[in-house]
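This structure is a prediction, so every number in the text was calculated from the model and none was measured.
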Amino acid sequence: MRSKASHPHPPIKLGVEILFEKCLHLIRGKRVGLITNPTGVNARCESVIEIFRAHPEVKLVALFGPEHGVRGNAQAGEYVPFCFDEQFQLPVFSLYGQSLKPPPDMLTNIDEYMRSFDTQHIGKQIEAGMMQSVDVMVFDLQDVGTRVYTYIATMAYAMQACAEAGVPFIVLDRPNPVNGTVMEGPILEYPAQSSFIGLYPIPLRHGMTTGEMAQLFNAKFLPRKANLTVVPMENWTRAEWFDETSLPWIIPSPNLPTLATATIYPGHVLLEGTNLSEGRGTTMPFEYFGSPWFDGYVLARKLNELNLAGVRFREAWFTPTFSKFSGSLCGGCQLHVTDRNTFRPVTTVLAELTTIKQFYGEKLRLHASYFDKVMGTSRVREALERGEPVSQIVASFTHGLDEFARLREPFLLYH
């Protein structure tokens with residue numbers, strides 16, 4: 001939580017609060033479709049769904065849910081069907097596979113299914129019939145600041161569908177939880193590596209809010225421009241981390257329970273493209289990593305000898321309850337971020353993979369197609385396989401990040 005001494009500026013007001021205080025004309029008297037999930041709350045932890053439902057001048061007619069669903073009750077990669085919500089008395093359309101019948105072995109082979117489904121473009125768009133009674137579409141989701149997160153693609157697809165249907169699109173802005181200044185990783189190679197886990201040429205850690213990204217996507221990448229309005233926050237500054245705001249942390253998805261997890265996620269999400277556990281199925285997803293063939297004691301000692309900025313490694317043992325190595329004891333490490341402002345998760349995971357390759361050789365496998373989709377390029381995997389130094393790989397990102405910084409500048413809302 002912020003302290004008045006170190007944060008003298010007023011509490012942050014979210015886009016949803018500004019909408020109802022100052023911009024009600026955007027939705028007054030209109031039939032509203034709302035894309036949201038449990039992160040859609042105001043500073044008092046009140047549901048935006050209930051706020052829209054309660055206002056006498058607004059008619060909420062439909063809910064649209066991203067991956068994990070409107071109520072956040074679906075696991076990563078899990079098919080989310082259409083339903084009618086008895087509590088809200090509203091139809092709920094899924095934007096994560098609503099038109100696809102899941103294969104019968106989906107739940108018994110969830111990792112392979114997730115790798116396959118998440119890279120497809122089909123089944124995630126708003127279909128024409130979903131918007132027949134909608135006058136305006138509102139998007140209010142908490143992003144996590146990493147390209148590899150399906151909420152960004154959900155927003156882009158919804159913007160495109162609204163552009164084609166002539167329906168105005170409103171984004172209610174929220175903070176980037178891992179701050180809006182630091183950028184990391186390669187720029188996605190577009191369109192070769194474009195997928196639902198990375199649509200457009202932005203870096204792994206982009207340092208933007210959803211509202212800023214919506215403006216960038218609309219101006220630079222969408223084939224047809226949406227009638228877009230971004231309702232910005234008040235009093236948020238780019239350098240702030242989420243726990244430096246006055247806002248409640250609501251888990252954005254089941255495997256990102258804390259801000260600490262979100263801090264590590266831009267790097268450890270790459271482990272999804274390997275045969276290592278990224279800690280799914282444990283109480284520390286993305287903070288734990290390992291496998292049944294790891295010696296966590298030796299690995300932690302070797303990684304600590306690298307003196308990576310802002311992080312220490314501790315030997316850890318865990319048994320995932322689902323996902324990779326479900327039911328099997330894994331040796332590995334837990335990351336402890338000691339200085340989040342100097343910690344670089346992408347550099348860290350590349351150092352981990354390099355060290356693991358040195359120790360375990362051919363036991364380490366990178367699932368080329370999925371790893372490359374997550375990374376946004378095949379060049380990093382190829383460099384790791386050649387044994388290039390991590391410093392050289394990271395240095396290769398510099399030019400792209402500099403160019404992206406110039407590209408995003410006109411669309412930044414908070415300076």
Side-chain angles (χ1 to χ4, degrees), residues 143-149 152-153 176-195 197-209 212-213 216-217 220-221 238-239 262-274 278 286 289 303 306-311 335 337 339-357 366-409 411-412:
D143 185 48
V144 299
T146 304
R147 184 208 320 130
V148 188
Y149 208 63
I152 302 173
N176 184 319
V178 294
N179 81 54
T181 58
V182 179
M183 295 178 287
E184 292 183 75
I187 308 300
L188 181 140
E189 293 173 352
Y190 182 79
Q193 298 295 350
S194 176
S195 75
I197 55 171
L199 273 181
Y200 297 129
I202 65 175
L204 263 174
R205 185 176 175 187
H206 48 70
M208 300 180 75
T209 68
E212 292 171 336
M213 280 189 291
L216 171 65
F217 291 174
K220 298 295 184 180
F221 305 127
R238 303 203 72 80
T263 301
I264 293 168
Y265 180 76
H268 269 195
V269 66
L270 292 163
L271 298 183
E272 292 181 352
T274 73
E278 65 276 11
F286 297 103
F289 71 99
L303 288 172
L306 298 177
N307 291 315
L308 296 170
V311 65
L335 271 72
V337 176
D339 183 347
R340 64 189 181 185
N341 291 309
T342 61
F343 172 62
R344 295 294 179 263
V346 179
T347 300
T348 299
V349 76
L350 295 177
E352 291 166 359
L353 292 172
T354 297
T355 303
I356 293 165
K357 186 171 183 289
L366 307 182
H367 303 301
S369 177
Y370 195 75
F371 187 91
D372 294 350
K373 293 293 186 188
V374 176
M375 185 61 85
T377 176
S378 63
R379 290 182 291 109
V380 173
R381 175 180 52 81
E382 292 162 356
L384 288 170
E385 291 171 344
R386 289 193 300 268
E388 288 186 14
V390 171
S391 59
Q392 184 173 318
I393 298 174
V394 172
S396 71
F397 305 152
T398 302
H399 178 69
L401 290 172
D402 288 343
E403 286 195 334
F404 180 74
R406 289 189 288 271
L407 177 70
R408 75 171 194 164
E409 180 63 30
F411 308 104
L412 300 184

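When the side-chain hydrogen bond (donor to acceptor under 3.5 Å, both in side chains) test is applied to R386, the partners found at least two apart in sequence or on another chain are E388. Here R408 pairs with nothing under the side-chain hydrogen bond (donor to acceptor under 3.5 Å, both in side chains) rule; sequence neighbours left out. Listed by chain and number, the residues in a ring pair (Phe, Tyr, Trp, His ring centres under 6.0 Å) with H268 are F289 (sequence neighbours excluded). A search for salt bridge (Lys or Arg N to Asp or Glu O under 4.0 Å) contacts involving E382 returns nothing, not counting sequence neighbours. Applying the ring pair (Phe, Tyr, Trp, His ring centres under 6.0 Å) test to Y200 and every residue at least two apart in sequence or in another chain returns Y190, F217, F221.
Between R147 and P203, the shortest heavy-atom contact is CB-O, 3.4 Å. When all heavy atoms are compared, the tightest approach of A351 to L306 is CB-CD1, 4.0 Å. Minimum interatomic distance between G145 and H206 (heavy atoms only, all atoms of both residues): C-NE2, 3.4 Å. Heavy atoms only, all atoms of each residue included: L199 and S194 are closest at O-OG, 2.9 Å. Considering every non-hydrogen atom in both E352 and L303, the closest pair reads CA-CD2, 3.9 Å.
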* Please assess V346 against V394 for the test side chain to side chain contact (heavy atoms under 4.5 Å, CB included), listing each intermediate value before the final yes or no. => CA-CA 8 Å; V346 179; V394 172; 5.9 Å; no
(Q) Is there a side chain to side chain contact (heavy atoms under 4.5 Å, CB included) between V182 and F343? Walk through the geometry before answering. (A) CA-CA 10 Å; V182 179; F343 172 62; over 6 Å; no
Working for side chain to side chain contact (heavy atoms under 4.5 Å, CB included), residues R406 and E403: CA-CA 5 Å; R406 289 189 288 271; E403 286 195 334; 3.4 Å; yes
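With hydrogens and angles disregarded, no donor-acceptor distance shorter than 3.5 Å links the side chain of Q392 to the backbone of P389. Looking only at distances, no side-chain donor or acceptor of T146 sits under 3.5 Å from a matching main-chain atom of V148.
Screening residues 179-195 for salt bridge (Lys or Arg N to Asp or Glu O under 4.0 Å) gives E184-R205, E189-R379 as the qualifying pairs, with residues at least two apart or on separate chains.
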